[in-house]
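The next block holds one structure in the form of structure tokens; read it before the comments.
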Amino acid sequence: MAVNLTDLSLPQLEGLKTQLDQEVEFLTSSIGQLKVVQTKYVEAKDSLNVLNKNNKGKELLVPLTSSMYVPGTLNDVEHVLVDVGTGYYVEKNVEDSKAFFKRKIDFLTKQIEKIQPALQEKHAMKQAVIEVMNVKIQQLQQSQQASPVVGTTKA
């Protein structure tokens, strides 16, 4: 059911604007989170490029935490363990891993593309509400200025 914005009162418009603000914030946050995850998959896919026969036997630093590393040697350049979610790791060859990350990146891209139009629609709705609110405020101010101020009469 469509509602004509001009039929709503100022408090109702304010409530609608608040709701739209929350929805815009939620959708923006969702897109941001999806992009963070997407970036991680892109970095993982790109890092697979160092796994080639030329780098076999080379020394590297293996992260134990985000700020602690131990020296290691690259022995297997054909297989990796891929985190497939909820703490499960699957051994895959490099090409299968690249395909896995590409599927994940493509899926996230599609999800972002689905949310984008909803976000734009919410922005447009919010702007329309703000415009109607401004018109109503101007009308209210004009009606207050046009009304004579009731004062005391002198006898």
Side-chain angles (χ1 to χ4, degrees), residues 1-138 140-141:
M1 179 176 112
V3 175
N4 189 350
L5 292 178
T6 55
D7 293 341
L8 299 176
S9 66
L10 266 175
Q12 289 172 322
L13 287 168
E14 185 62 40
L16 181 57
K17 181 184 167 294
T18 301
Q19 180 183 343
L20 289 170
D21 282 338
Q22 291 170 348
E23 290 176 12
V24 165
E25 186 178 325
F26 174 76
L27 292 173
T28 302
S29 172
S30 296
I31 288 174
Q33 291 171 354
L34 289 172
K35 285 183 177 180
V36 166
V37 174
Q38 185 182 43
T39 300
K40 288 182 180 180
Y41 282 128
V42 168
E43 289 172 355
K45 183 175 176 254
D46 291 345
S47 68
L48 290 171
N49 293 329
V50 301
L51 294 178
N52 57 50
K53 293 190 186 345
N54 295 338
N55 289 331
K56 187 171 184 174
K58 286 194 176 177
E59 290 191 9
L60 62 134
L61 294 175
V62 179
L64 291 180
T65 67
S66 62
S67 61
M68 188 168 43
Y69 300 84
V70 294
T73 305
L74 187 56
N75 291 328
D76 186 357
V77 293
E78 296 174 10
H79 299 93
V80 293
L81 289 177
V82 177
D83 182 355
V84 293
T86 62
Y88 288 96
Y89 293 85
V90 175
E91 184 174 321
K92 292 180 173 282
N93 67 39
V94 173
E95 291 309 312
D96 288 347
S97 299
K98 285 181 181 180
F100 171 82
F101 290 127
K102 183 181 181 334
R103 284 192 309 275
K104 291 290 190 177
I105 292 165
D106 291 345
F107 173 77
L108 290 167
T109 301
K110 286 177 185 165
Q111 296 308 305
I112 291 169
E113 288 171 353
K114 284 180 185 176
I115 295 173
Q116 224 37 22
L119 178 60
Q120 291 170 345
E121 180 184 346
K122 297 294 180 187
H123 270 298
M125 289 170 65
K126 181 178 151 188
Q127 281 307 116
V129 168
I130 291 170
E131 288 174 21
V132 171
M133 285 175 70
N134 287 337
V135 167
K136 287 196 177 258
I137 290 169
Q138 286 177 350
L140 189 62
Q141 288 172 341

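None of the values given here were measured: they were computed from a predicted structure. By convention here, the first residue in the shown sequence is residue 1.
Atom OH of Y88 is separated from atom CG of D83 by 11.5 Å, given to the nearest 0.5 angstrom. Taken to the nearest 0.5 Å, the CG atom of L16 stands 9.5 Å off from the CG atom of D21. Rounded to the nearest 0.5 angstrom, S97 OG and E91 CD are separated by 9.0 Å. Distance check: T28 OG1 to H123 NE2 gives 5.0 Å after rounding to the nearest 0.5 Å. The CG atom of L20 sits 10.5 Å away from the CD atom of Q127 when rounded to the nearest 0.5 Å. L5 CG to Q12 CD: the interatomic distance, rounded to the nearest 0.5 Å, is 11.0 Å.
In this structure the side chain of L119 reaches within 4.5 angstrom of the side chain of V24, judged on heavy atoms. Side chains of N49 and K98 form a contact here, defined as non-hydrogen atoms less than 4.5 Å apart. Between L74 and L51 the shortest side-chain heavy-atom distance falls below 4.5 Å. Between M125 and V129 the shortest side-chain heavy-atom distance does not fall below 4.5 Å. Considering only heavy atoms from C-beta on, L13 stays 4.5 Å or farther from K17 through its side chain. Between E113 and T109 the shortest side-chain heavy-atom distance falls below 4.5 Å.
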(request) Any chance you could lay out the side chain to side chain contact (heavy atoms under 4.5 Å, CB included) test for D96 and V82, step after step, and finish with the verdict? (result) CA-CA 10 Å; D96 288 347; V82 177; over 6 Å; no
(request) May I have the step-by-step check of side chain to side chain contact (heavy atoms under 4.5 Å, CB included) for T18 and Q22, ending in yes or no? (result) CA-CA 6 Å; T18 301; Q22 291 170 348; 4.1 Å; yes
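Taking a 6.0 Å sphere around CD of E25, one finds it holds 12 or fewer heavy atoms contributed by other residues, nucleotides or ligands.
Across all non-hydrogen atoms, the minimal contact from P63 to L61 is CD-O, 3.7 Å. In this structure, T73 and G57 approach most closely via the heavy-atom pair CG2-O, 3.3 Å. Closest approach of Q38 to I112, counting heavy atoms only: OE1-CD1, 3.7 Å. Here the shortest heavy-atom pairing between G72 and V62 reads CA-CG2, 4.3 Å.
Salt bridge status for D106 with K102: present, with a side-chain N to carboxylate O gap under 4.0 Å.
The main-chain N or O of T6 is found under 3.5 Å from a side-chain atom of K136 such that the two form a donor-acceptor pair.
Under the 30°/60° scheme for interplanar angles, the aromatic rings of Y41 and F100 are found to stand perpendicular.
A side-chain donor from one of Q19 and E23 sits under 3.5 Å from a side-chain acceptor of the other.
Between N52 and the choices V50, L48, N54, the side-chain contact (heavy atoms from CB on, under 4.5 Å) rule is met once, by N54.
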